[in-house]
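Everything on this sheet refers to the single structure shown next.
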Amino acid sequence: MPKAPASNILLRFLPSVDELLRTEVGQTVGRATGEGYAAVLARRSIEEIRQNIVSMANANPSKNQLLNEAEEKLSNLWGSEQLMSVKRVINATGVIIHTNLGRAPLSAAARRALIEEAGGYCTLEYDLETGKRGMRAPQSELLIRHLTGAEAALVVNNCAAAAFFVLTVFAAGGAVVISRGELVEIGGDFRVPDVLAQSGAVLREVGTTNRTSLADYERAIGDDARVILRVHPSNYRIIGFTSSPPLAQLAALARKREILFYEDIGSGALNDLGIYGLKDEPTVAGSISAGVDIVTFSGDKLIGGPQSGIIAGRSELIEQLRSHPLYRALRVDKLTNAALEATLDAYRRGAENDIPVMSMVAQNKETIAGRAAKFLSQLNIDVAGPLKFEMIDGVSAIGGGAAPGSELNTVLIAVSHENINASSIEHALRRGDRPVVSRIENGRVLLDLRTVQPDEEGDLLDVLRSVV
Ligand SMILES: *Cc1c(COP(=O)(O)O)cnc(C)c1O
């Protein structure tokens with residue numbers, strides 16, 4: 001395309017990096033990020049304008065306008081880079097284990113442990129008694145054994161890593177027998193058939209999508225079968241005409257045929273959550289006592305700890321994993337170990353309520369209604385004004401791969417405005433100094449206090465006041 005004659009002259013009007021850094025925005029960015037990085041952003045801003053001048057030959061801006069434009073670009077560039085950093089938010093969605101928001105918020109003890117115990121030098125692999133190298137974080141393993149009844153345990157980066165590890169070490173080169181009803185995708189790209197393929201095992205599907213019998217498993221175990229795999233379908237349910245053999249029967253079959261019985265239980269509750277209305281969440285202890293050889297579960301789902309994958313089971317199997325070269329690549333760091341230890345310690349003390357996930361699960365509708373009423377009275381809004389706050393019945397979700405039927409009754413605060421639509425309100429809540437993440441239903445913004453921690457209510461009040 002022939003270049004318009006004016007563009008060469010215009011290019012000479014472009015501000016220099018120094019000129020841009022001397023503007024008000026340039027100075028602000030420079031103070032925040034240092035001169036070197038501010039210059040990088042300034043150069044990128046000016047370059048963008050250069051491209052625009054070349055492609056839009058008809059425009060005829062002055063030198064000053066170009067400088068203003070560069071200043072605005074620099075401001076936007078800096079603003080969008082700041083949004084990329086990990087930033088604390090208030091989760092008002094009512095989804096307790098919100099994967100996009102970092103899953104489980106840590107307990108006060110876990111936060112303290114990861115800063116005060118593990119933030120500096122610590123006993124990650126050091127035995128204070130002997131003054132020599134010790135086991136890596138033995139306390140987490142001790143706690144897992146105590147809380148699940150397993151003979152031994154090992155901690156890796158997440159449950160996907162745990163599943164991949166177990167299958168790679170125990171099933172590679174052989175077949176893994178699994179029900180067709182459990183070939184699921186958990187979300188976040190965890191697909192059981194893909195994990196199996198990657199581990200070098202052959203998938204042997206048995207039964208049908210809705211029904212699989214013990215005899216189906218029995219027939220499928222040939223000479224090459226190494227593992228019977230049971231996967232908790234987590235966020236997916238087939239309901240109605242369904243059946244699968246109980247764990248104890250599969251465990252007996254695996255023993256008889258001298259192969260492993262491995263269960264990927266996913267969320268891995270440590271306590272029976274039936275008292276809170278969550279009937280479908282299996283416990284790790286239940287799997288161990290039913291005779292499962294190895295069970296894997298996430299540290300940051302219902303357990304309420306840091307991202308981690310826990311492998312529990314028979315000690316000779318766990319020791320095989322521990323001495324495998326892959327363990328070196330999958331093991332967790334000191335921060336995770338410290339936070340996990342502190343989380344598990346709360347279960348040992350019977351202080352589950354100290355764990356935010358557990359206390360959010362445990363709150364009943366009346367408690368939340370009480371909190372919501374008090375919250376609205378503190379908000380002190382003109383009831384005749386254009387902005388409306390109402391309390392309505394609704395449900396919170398467990399999230400993080402919990403059963404789809406696992407919903408908890410709650411009371412929501414519905415926010416609406418005569419002249420401002422719900423998505424503008426939702427956006428404004430998200431874009432404040434303390435971002436608030438909410439949801440929209442039927443043209444109203446909904447806030448669920450179940451997932452707002454009591455010590456965040458003051459901040460939430462401030463955000464709502466500033467938005468309205
Ligand atoms: C969530 C889940 C996983 C993946 O766990 P991450 O900790 O996210 O890696 C694997 N299996 C099951 C059954 C799950 O529910």
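Remember, predicted model here, so these are calculated numbers, not experimental data. Counting from 1, the numbers follow the sequence of the chain as shown. Counting convention: from 1, in listed order, for ligands and their atoms alike. These values consider heavy atoms only, across backbone and side chains, with no hydrogens, waters or symmetry-generated copies.
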query: So is Arg230 close enough to ligand 1, meaning a heavy atom under 4.0 angstrom away?
result: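 So Arg230 does not count as touching ligand 1.
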- prompt: Taking the non-hydrogen atoms of Lys301, is any one of them nearer than 4.0 angstrom to ligand 1?
  reply: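 True for this residue.
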query: Residues two or more places apart in sequence or in another chain: which of them pass side-chain hydrogen bond (donor to acceptor under 3.5 Å, both in side chains) with Lys256?
result: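 Lys256 satisfies side-chain hydrogen bond (donor to acceptor under 3.5 Å, both in side chains) with Glu218 once adjacent residues are dropped.
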Numbered atoms and elements of ligand 1 in range of [X], under 4.0 angstrom, heavy atoms:
{"X": "Asp264", "value": "10 (C), 11 (N), 12 (C), 13 (C)"}
{"X": "Ser298", "value": "5 (O), 6 (P), 7 (O)"}
{"X": "Ala160", "value": "4 (C), 5 (O), 6 (P), 9 (O)"}
{"X": "Arg103", "value": "6 (P), 7 (O), 8 (O)"}
{"X": "His232", "value": "13 (C)"}

Partner residues of Lys73 under the salt bridge (Lys or Arg N to Asp or Glu O under 4.0 Å) criterion, sequence neighbours left out: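 Lys73: salt bridge (Lys or Arg N to Asp or Glu O under 4.0 Å) contacts with Glu48.
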- request: Run the salt-bridge test on Glu141 and Arg322 with the 4.0 Å N-O cut-off and return the result as yes or no.
  value: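 Yes.
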- prompt: Hey, is Glu390 close enough to Arg444 for a salt bridge, meaning N to O under 4.0 Å?
  reply: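 Yes.
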query: Got an N/O contact under 3.5 Å between Val231 and ligand 1?
result: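 No, no N or O pair falls under 3.5 Å.
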- request: Please check if any side-chain donor atom of Asp264 sits under 3.5 Å from a side-chain acceptor atom of Thr296, or the reverse.
  value: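 Per modelled atom types, Asp264 and Thr296 side chains form a pair under 3.5 Å.
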message: Is there a salt bridge (Lys or Arg N to Asp or Glu O under 4.0 Å) between Glu151 and Arg314? Walk through the geometry before answering.
response: CA-CA 5 Å; Glu151 286 176 11; Arg314 284 188 11 232; 5.4 Å; no
